[in-house]
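Ligands are counted one by one from 1 in listed order, and the atoms in each one are counted from 1 as well. These values consider heavy atoms only, across backbone and side chains, with no hydrogens, waters or symmetry-generated copies.
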Amino acid sequence: MRPSDFETSFISHAPGYWPAEAPHHWCDHKWQLRNRVDSLTDLENRLNLTDIERAGVLLAGHKLAMSITPHFFNLIDRDDPDCPIRRQVIPRIEEGWNAPEELADPCGEDSHMPVPGLVHRYPDRVLFLVTDRCASYCRYCTRSRVVSGVGEQHLETQWEAAFRYLEKTPQVRDVLLSGGDPLLFSDDRLDKILTRLRTIPHIEFIRIGSRIPVFLPQRITPELCAMLKKHHPLFISIHTNHPRELTSEVRAALGRLADAGVPLGNQSVLLRGVNDSVEIQQALVHKLLMCRVRPYYLYQCDLINGSSHLRTSVAEGVSIIEGLRGHTTGYAIPQFVIDGPGGGGKIPINPNYLIDTSPGRVTLRNFEGKVFDYPDPSPMPREAMEKLQHQAFSHADD
Ligand SMILES: *Cc1c(COP(=O)(O)O)cnc(C)c1O
């Protein structure tokens, strides 16, 4: 997998499969949401499905809905069943099989909720699940047990109880809004939530996790940016996996957020057949920097039910990071993490550059494989101390 020109430059994705639509419709986020591809008929009218996908779409109706914005759908290569965009959003039959290591709630979130919808796993920060809906659904969603509204379990955020918990828990200084996708809310509704959080003095830092800038860049309006700006310090973590997702529309949307002073990070999930090569990851992180987005985390795909066809080995992730470190800008390199099953939290995984330790020294290797012996600090010898004291005081007598 080598990135093509299409993937290393910012190309517009004006109407392709919706040729009858007027351009102003295409730019209207409400039109984009109303015209999402969410049925087998709609999908089959627009591209040739394989049997593997057709069965997947039929099964998805009872697990995690299919829904794809026209903007994102337009990035799919119609003739390539292995298209990396297609694998992220079009269900496949493999989703129906749960490997023995897989779970419905792989990060143990349900058992770390003091209030429904609020996950308090780390000492000083919480994950606030504010909605179960997204603009489009990722087939490897870590929260597929509750997201999209078609599964057996439902997210029931208890707003008042959640705000009261935050008010009486002063160790919480960082609130991460996620879901679902918080940017699906209207400006007004989001403004009210952020305003309420900002009345709590110990909440210093607010973050929003959202794939809307990628699925629905039209939603990032100047009005939304002006509203967000009132609630600083506010960061946004976006989610992109493949360089093709960074179109000229997405770059403009990210530019509007960055101009509103919102620091941007990216979270990617390492996915088989989507972005499991150094070439693709490098093209992605370079484009992210061009969009003023700092690559933040590269996640090992969670052990979510029906995900084995999309997951990679841990060793593959390590070798991708090894292929980036030293070979490109330090700012471009995300931290590879595994979210520990059952609520272990994010565990950083790094290539090993510390190859040996012995008393007083370590042996290191660099990105080219050169080996370096590196000493710990030496204690100052008593004789050197005495000699210098003697010198210093003899000058003072002059
Ligand atoms: C990811 C996560 C956070 C935020 O973690 P950071 O490492 O600070 O980005 C907080 N709470 C939960 C439950 C999370 O899964």
Q: Please determine if Lys346 has a nitrogen or oxygen closer than 3.5 Å to a nitrogen or oxygen of ligand 1.
A: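 Yes; at least one N/O pair falls below 3.5 Å.
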Q: For Tyr296, take its heavy atoms, then give the atoms of ligand 1 lying under 4.0 Å from any of them.
A: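 Per the distance check, 6 (P), 7 (O), 8 (O), 9 (O).
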Q: Just jot down the ligand 1 atoms closer than 4.0 angstrom to any heavy atom of Val119, in number order.
A: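 Checking each atom against Val119, I get 13 (C).
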Q: With heavy atoms of Tyr297 as the reference, note each atom of ligand 1 found under 4.0 Å away.
A: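 Reading through ligand 1 atom by atom, the close ones are 6 (P), 7 (O), 9 (O).
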Q. Can we say Arg196 and Glu167 salt-bridge, meaning some charged N sits less than 4.0 Å from an Asp/Glu carboxylate O?
A.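 Counted as a salt bridge, because a side-chain N and a carboxylate O are separated by less than 4.0 Å.
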Q: Tell me whether the centres of the aromatic rings in Phe367 and His327 are closer together than 6.0 Å.
A: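 For Phe367 and His327, the ring centres are under 6.0 Å apart.
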Q) Tell me: protein heavy atom nearest atom 11 (N) of ligand 1, and distance? A)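 Ranked first by proximity to atom 11 (N) of ligand 1 is Tyr122 CD1, 3.6 Å.
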(Q) Evaluate Arg121 for polar contact with ligand 1, using N/O atom pairs at a separation under 3.5 Å. (A)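 Among all N and O atoms of Arg121, none is under 3.5 Å from an N or O of ligand 1.
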Q) In terms of side-chain geometry, is the basic nitrogen of Glu204 or Arg198 positioned less than 4.0 Å from the acidic oxygen of its partner? A)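 Answer for the salt bridge query: no.
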Q. When the ring planes of Trp159 and Phe185 are compared, do they come out parallel, tilted or perpendicular, using 30° and 60° as the limits?
A.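 Tilted, since the angle between the ring planes falls between 30° and 60°.
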Q. Are any of the side-chain nitrogens in Glu160 or Arg164 under 4.0 Å away from the carboxylate oxygens of its partner?
A.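 Yes, Glu160 and Arg164 are salt-bridged.
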(Q) Please list the nearest protein heavy atom to atom 8 (O) of ligand 1 with its residue and the distance rounded to 0.1 Å. (A)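 The answer is Arg125 NE, 2.8 Å.
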Q: Evaluate salt bridge (charged side-chain N to carboxylate O under 4.0 Å, His left out) for Glu53 paired with Arg86, printing each intermediate quantity in order.
A: CA-CA 10 Å; Glu53 290 168 326; Arg86 188 162 172 152; 2.8 Å; yes
Q. Does Arg311 come within less than 4.0 Å of Glu102, counting only side-chain N to carboxylate O?
A.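 Looking at Arg311 and Glu102, the cut-off is met.
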Q) Is it true that Arg207 lies under 4.0 Å from ligand 1, counting heavy atoms only? A)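 It does, in that a heavy atom of Arg207 comes within the 4.0 Å cut-off of ligand 1.
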Q: With heavy atoms only and a cut-off of under 4.0 Å, state how Glu109 meets ligand 1: side chain, backbone, both or neither.
A: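 Neither part.
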